[in-house]
Amino acid sequence: MTSRRSDISAVKAALAAQAVETPSWAYGNSGTRFKVFARPGVPRTPEEKLDDAARVHAHTGVAPTVALHIPWDKVDDYGALAAYAAERGVKLGTVNANVFQDDDYKLGSVCHPDAAVRRKALGHLMECVDIMDATGSRDLKLWFSDGTNYPGQDDIRARQDRLSEALDAVYERLGDDQRMLVEYKLFEPAFYATDVPDWGTAYAHCLRLGEKAQVVVDTGHHAPGTNIEFIVAILLREGKLGGFDFNSRFYADDDLMAGAADPFQLFRIMYEVIRGGGLTADIAFMLDQCHNIEEKVPAVIRSVMNVQEATAKALLVDAEALAAAQREGDVLAANAALMDAYNTDVRPLVAEVRTELGADADPVAAYHASGYGKRIVAERVGGEQAGWGA
């Protein structure tokens, strides 16, 4: 770790400029294949989700945008929804498409063997771009659950052709200032062959499409032991890293709080982001997680704090000492340069940054002291609670 005041000032400036997008669905009810657990005070409308997101931003100072999921957040007037968000100090961010929860998509969406189903899925993707136009959103995030469960169930190559055809159409529909972020996932719900299972497949499609197509990395979408920071380094090097979905996993796509399962991995990822210039590039840093058994808003706050702290530690790596050790082949010194930064208690530094942003030094404590949690439990009575649509 370096202690020069100029370096600390640069670290603080980088932390102050960082933005972490929170997902609308994290504020609703969610669960597992076995049970969705409802909690009192959960939002009933997209507007109430924005109220909760605004509370997260007020306490942390670095969560200024909210990702939408269509149709979970469908409204009649998206311009009005954007205005509602602005009144509360946040903006509408990434628009997430949903082509995985309709009965027609049992055998896939844009890769389905039936052309009628493919047209339906493509129509939804186009609808999402229309919503982006209305909200001013830059990014369309595409995750496809498409795949097969059994050998011979469908033609693997033909499914890639169908995927390409759909991506081409959406790409052409995007405005000059809009992007598509193509997400990948190793497995689930398809168990034999997922159509976009890894970063290489996503990268191949994005490379063919052009500059407006970027890869998004979800930290929970990899096989155990995958070196995610290596993927980050390669995609940054190629100019194809468009975004992150931060969460944690122990076994599969667990969607737990960011930094909860392996905070050292989050630090390693953020170091490669910084090393590759990712903090100053147009990379969308997003949470993509759900809170099945814990209170929603403070869990999102804690996740944002975990990303901040991992970033702060990565910014404190003594780059000169690390580079010198690497040149000299000093394995232990090189590793120590990273570990010294990781073992630094950055909480006082990050608290200072939050205070200077006009937020709270201890966001979780401030949230509980505000009484917001008790208030929404008392006010949000009746109606249908928001959930992830399962």
Side-chain angles (χ1 to χ4, degrees), residues 21-28 43 45-50 53 64-88 90-105 108-112 114-146 162-183 196 202 205-206 209-216 242-243 245 282 284 286 288 386-389:
E21 185 167 281
T22 68
S24 66
W25 56 94
Y27 303 104
T45 65
E47 289 81 5
E48 289 182 346
K49 294 179 186 178
L50 293 176
T65 60
V66 187
L68 299 181
H69 203 294
I70 308 300
W72 301 345
D73 297 316
K74 199 163 188 175
V75 295
D76 293 330
D77 189 337
Y78 290 98
L81 187 66
Y84 185 93
E87 290 171 0
R88 280 143 187 81
V90 292
K91 294 181 179 180
L92 302 182
T94 304
V95 173
N96 292 257
N98 184 323
V99 285
F100 53 86
Q101 282 190 318
D102 191 287
D103 285 346
D104 284 342
Y105 301 143
S109 61
V110 297
C111 300
H112 198 287
D114 187 334
V117 176
R118 298 200 298 273
R119 285 193 297 270
K120 174 181 175 177
L122 181 59
H124 174 71
L125 302 185
M126 295 300 192
E127 175 193 10
C128 288
V129 182
D130 292 340
I131 293 169
M132 293 168 64
D133 293 339
T135 60
S137 300
R138 179 188 65 175
D139 294 333
L140 171 68
K141 191 164 65 174
L142 302 176
W143 173 68
F144 300 103
S145 65
D146 294 36
R162 299 167 199 157
L163 174 62
S164 292
E165 182 179 355
L167 292 177
D168 285 343
V170 177
Y171 190 88
E172 289 301 314
R173 172 64 184 81
L174 293 174
D176 292 338
D177 59 347
Q178 294 173 334
R179 310 185 304 176
M180 71 163 63
L181 303 180
V182 180
E183 188 173 358
V196 189
H205 282 286
C206 289
L209 287 164
E211 293 182 357
K212 292 186 292 184
Q214 300 277 301
V215 180
V216 62
D245 280 354
D282 289 331
M286 304 170 279
D288 183 6
W388 61 1

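Predicted model, so just to flag it, every value in this text is computed and none were measured.
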### Task
First locate atom CE of M126, then atom CD of E172, and finally report the distance between them rounded to the nearest 0.5 Å.
9.0 Å

## Note on the structure
Here the pair of heavy atoms bringing Y105 nearest to A121 is OH-CA, 3.4 Å

### Query
Quick one: side chain to side chain contact (heavy atoms under 4.5 Å, CB included) partners of A26, sequence neighbours excluded?
P23, H291, V300

### For R162, side chain to side chain contact (heavy atoms under 4.5 Å, CB included) partners two or more places apart
P113, R118, D154, A158, R159

### Message
Less than 4.0 angstrom from a charged side-chain N to a carboxylate O is my criterion; do K141 and E21 meet it?
### Response
no

### Side-chain heavy atoms of D139 within contact of V216, under 4.5 Å
no

### Query
How about Y27 and E48: do any of their side-chain heavy atoms sit closer than 4.5 Å?
no

### Message
Are the side chains of V170 and L140 in contact, using a 4.5 Å heavy-atom criterion?
### Response
yes

### Task
Mind checking side chain to side chain contact (heavy atoms under 4.5 Å, CB included) for P46 and listing every partner two or more places apart, or none if nothing turns up?
D73, V75, L81

### Task
Examine distances only and state if a side-chain atom of S24 and a backbone atom of A67 form a donor-acceptor pair shorter than 3.5 Å.
yes

#### Entry: Point-to-point distance, once rounded to the nearest 0.5 Å, from NZ of K49 to NE2 of H69
9.5 Å

### Query
How many angstroms lie between atom CE of M180 and atom CG of L125, to the nearest 0.5 angstrom?
8.5 Å

### Task
Decide yes or no for H124 and N98: does some side-chain heavy atom of the first lie under 4.5 Å from some side-chain heavy atom of the second?
yes

### Message
Do L142 and L167 make a side-chain contact, defined as non-hydrogen atoms from C-beta onward lying under 4.5 Å apart?
### Response
yes

### Message
Let me confirm one number: the OG1-CE distance from T94 to M132, rounded to the nearest 0.5 Å.
### Response
8.0 Å

### Message
Which residues pass the salt bridge (charged side-chain N to carboxylate O under 4.0 Å, His left out) test with D114, not counting sequence neighbours?
### Response
none

## Note on the structure
To the nearest 0.5 Å, atom SG of C128 lies from atom CZ of R173 at 11.0 Å

### Message
Donor-acceptor pair, distance only, cut-off 3.5 Å: does the side chain of D146 make one with the backbone of S109?
### Response
yes

### Message
Is it true that, when you exclude E87 itself, more than 12 heavy atoms of the residues, nucleotides or ligands shown sit nearer than 6.0 Å to its CD?
### Response
yes

### Task
Taking the side chain as every heavy atom from C-beta outward, state whether K212 and Y171 have any pair of such atoms under 4.5 Å apart.
yes

### Query
Can you tell me if R88 uses its side chain to pair, donor with acceptor, with the backbone of Y84 under 3.5 Å?
yes

### Message
Donor-acceptor check, side chain of D245 to backbone of D288, threshold 3.5 angstrom: yes or no?
### Response
no

#### Entry: Contact summary for A53 and V66, nearest pair of heavy atoms
CB-CG2, 3.4 Å

#### Entry: Listed partners of K91 passing salt bridge (charged side-chain N to carboxylate O under 4.0 Å, His left out), at least two apart
none

#### Entry: All side chain to side chain contact (heavy atoms under 4.5 Å, CB included) counterparts of Q214, not counting sequence neighbours
R179, L181, K240

### Task
Over all heavy atoms of both residues, which pair between F144 and V110 is shortest? Give the atoms and the distance, please.
CE2-CG2, 3.7 Å

### Message
If we ignore hydrogens and angles and just use 3.5 Å, is the side chain of D133 paired with the main-chain N or O of T135 as donor and acceptor?
### Response
no

### Query
Taking side chain as C-beta onward, heavy atoms only, is H205 less than 4.5 Å from V182?
no

### Query
If you take all heavy atoms of C111 and L163, which pair is closest and at what distance?
SG-CB, 3.7 Å

